[in-house]
Amino acid sequence: MAVYIVLLGPPGAGKGTQAEKISEAYHLTHVSTGDLFRENIRENTELGKKAREYTDNGLLVPDEVTIAMVEDRLKKDDCKNGALLDGFPRTIKQAEALDKMLEESFASKVTVVPCIEVNEEDLVKRISGRRMCKNGHVFHIHTKPSKVEGVCDICGEPLYQRADDNEETVQTRLNAYKESTEKLIDYYGNKDVIRKVDGNQKIDEVTKAMLAVIKAEI
Ligand code: AMP
């Protein structure tokens, strides 16, 4: 059966950084809804036009738009063995839609949900130092600097600061997490697939803990 891992955790917890390592270790395609929205915004597609007003302001893009985008993505060939979902689901409605699509279209279900926990006061600090390239590779000016300043180690693309990585928008994003996404901890807890991981450790330690909880389930 295909493997579907859902990464949960507040903005700035390190989901993107950990996703790179997990997808490499398990040869699983990394599906980041944030990256998909940013790509569509960059290419000025219809979807990008719809998403932009939300992402720029730190608000959640409507469920219908997000769910349809993920379903299309999961049907692509590189997801035939499953996927590592980063940033989706973020609402109960999305989680229910995911369960339904996995069951009906892929005869599968969510395998495990590692949830990265980080002290709230550290999140804003982490986000303000974050830099990324257009391919979604993530760096941090203090904790994970690129070898050459402003250039991605992996693909050589320029690094930039996300438009929504400013203090005001971060607060809105944290609120969206608390109001909508945190409810998923209970949702997946009831299905006994949630596994909490201490995200206040060094990046490599977090990776070890993540790989351990995933290995125990697949
Ligand atoms: P991220 O890169 O995961 O922090 O996502 C960046 C932004 O994209 C979020 O602040 C939302 O505006 C939007 N977004 C990403 N994933 C979702 C989702 N599952 N549901 C709604 N909006 C999303």
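The analysis underlying the following values was restricted to heavy atoms, covering all of them including side chains, and did not include hydrogens, waters or symmetry mates.
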Participant: Given Gln201 and Lys208, is the side-chain contact (heavy atoms from CB on, under 4.5 Å) satisfied, shown in steps?
Facilitator: CA-CA 10 Å; Gln201 322 170 70; Lys208 259 191 224 155; over 6 Å; no
Participant: Show your working on side chain to side chain donor-acceptor pair (under 3.5 Å) between Gln18 and Thr207 and close with a plain yes or no.
Facilitator: CA-CA 6 Å; Gln18 296 302 331; Thr207 306; 2.7 Å; yes
Participant: Is it the case that one hydrophobic cluster holds both Leu60 and Phe37, taking links as side-chain heavy atoms less than 4.5 Å apart, direct or via other members?
Facilitator: no
Participant: Would you mind checking if Arg195 and Glu217 are paired as a salt bridge, meaning a charged N to carboxylate O distance below 4.0 Å?
Facilitator: yes
Participant: Taking Asp165 as the fixed residue, which of Arg130, Arg131, Arg126 is the one that meets the side chain to side chain contact (heavy atoms under 4.5 Å, CB included) rule?
Facilitator: Arg130
Participant: Looking only at atom types and distance, does a side-chain atom of Thr55 sit under 3.5 Å from a main-chain N or O of Arg52, one as donor and one as acceptor?
Facilitator: yes
Participant: What is the minimum heavy-atom distance between Gly58 and Ala176, and which atoms define it?
Facilitator: O-CB, 4.4 Å
Participant: Test Phe106 against Tyr4 for side-chain contact (heavy atoms from CB on, under 4.5 Å), laying out the working first.
Facilitator: CA-CA 11 Å; Phe106 304 99; Tyr4 295 92; 3.6 Å; yes
Participant: So do the side chains of Cys155 and His137 get within less than 4.5 Å of each other, counting heavy atoms only?
Facilitator: yes
Participant: Are Asp164 and Arg162 ion-paired here, with the side-chain N under 4.0 Å from a carboxylate O?
Facilitator: yes
Participant: Should Asn135 and Cys152 be marked as a side-chain contact (heavy atoms from CB on, under 4.5 Å) after you check the CA-CA gap, both sets of side-chain angles, and the distance that decides it?
Facilitator: CA-CA 9 Å; Asn135 294 319; Cys152 177; over 6 Å; no
Participant: Would you say Val70 and Thr33 make side-chain contact, with heavy atoms under 4.5 Å?
Facilitator: yes
Participant: Taking only distance into account, with no hydrogens and no angle test, what donor-acceptor pairs under 3.5 Å do side-chain atoms of residues 91-98 form with protein atoms, sequence neighbours excluded?
Facilitator:
{"residue": "Thr91", "atom": "OG1", "partner": "Asp63", "partner atom": "OD1", "Å": "3.0"}
{"residue": "Thr91", "atom": "OG1", "partner": "Gln94", "partner atom": "N", "Å": "3.0"}
{"residue": "Lys93", "atom": "NZ", "partner": "Glu64", "partner atom": "OE2", "Å": "3.1"}
{"residue": "Gln94", "atom": "OE1", "partner": "Arg90", "partner atom": "N", "Å": "2.8"}
{"residue": "Gln94", "atom": "NE2", "partner": "Asp63", "partner atom": "OD1", "Å": "2.9"}

Participant: Have His30 and Asp86 got a donor and an acceptor in their side chains that come within less than 3.5 Å?
Facilitator: yes
Participant: Salt bridge or not between Asp72 and Lys75? Use side-chain N to carboxylate O under 4.0 Å.
Facilitator: no
Participant: If hydrophobic residues (ILVMFWY) are linked whenever their side-chain heavy atoms come closer than 4.5 Å, directly or via other members, who joins Leu159 in its cluster?
Facilitator: Phe139
Participant: Looking only at atom types and distance, does a side-chain atom of Asn166 sit under 3.5 Å from a main-chain N or O of Ala163, one as donor and one as acceptor?
Facilitator: yes
Participant: Going by side-chain hydrogen bond (donor to acceptor under 3.5 Å, both in side chains), name the pairs with one or both residues in residues 141-154, residues two or more places apart or in two chains.
Facilitator: His140-Thr143
Participant: Between Arg42 and Lys134 (side chain of the first, backbone of the second, donor and acceptor by atom type, cut-off under 3.5 Å), is there such a pair?
Facilitator: yes
Participant: For Glu39 and Gly34, indicate whether the former's side chain and the latter's backbone hold a donor-acceptor pair under 3.5 Å.
Facilitator: no
Participant: Among the clusters formed by ILVMFWY side chains lying less than 4.5 Å apart, do Leu47 and Phe88 turn up in the same one?
Facilitator: yes
Participant: Is there a donor-acceptor contact under 3.5 Å from the side chain of Ser23 to the main chain of Thr29?
Facilitator: no
Participant: Output the rest of the hydrophobic cluster of Val170: all Ile, Leu, Val, Met, Phe, Trp and Tyr residues reachable through side-chain heavy-atom contacts under 4.5 Å, sorted by chain and number.
Facilitator: Val3, Ile5, Leu7, Ile22, Tyr26, Leu28, Leu84, Val112, Ile116, Val118, Leu123, Val124, Ile127, Leu174, Val197, Val206, Met210, Leu211, Val213, Ile214, Ile218
Participant: Under the 6.0 Å and 45° cation-pi test, does Lys183 pair with Tyr187?
Facilitator: no
Participant: Can you find a pair of side-chain heavy atoms, one from Val65 and one from Tyr54, that are under 4.5 Å apart?
Facilitator: no
Participant: Tell me every residue that passes side-chain hydrogen bond (donor to acceptor under 3.5 Å, both in side chains) with Lys49, counting only those two or more places apart in sequence or in another chain.
Facilitator: Glu46
Participant: Applying side-chain contact (heavy atoms from CB on, under 4.5 Å) to Lys109 and Lys191, what does each step give before you reach the verdict?
Facilitator: CA-CA 11 Å; Lys109 58 186 178 149; Lys191 296 178 184 293; over 6 Å; no
Participant: Check whether Asn57 reaches the backbone of Leu59 with its side chain - one donor and one acceptor, N or O, closer than 3.5 Å.
Facilitator: no
Participant: Under a 4.5 Å cut-off applied to non-hydrogen side-chain atoms, are Lys178 and Arg173 in contact?
Facilitator: no
Participant: Hydrophobic clusters join Ile, Leu, Val, Met, Phe, Trp and Tyr when side-chain heavy atoms are under 4.5 Å apart, directly or via other members; which others share one with Val138?
Facilitator: none
Participant: Can you confirm whether Asp78 sits close enough to Arg73 that some side-chain heavy atom of one is under 4.5 Å from a side-chain heavy atom of the other?
Facilitator: yes
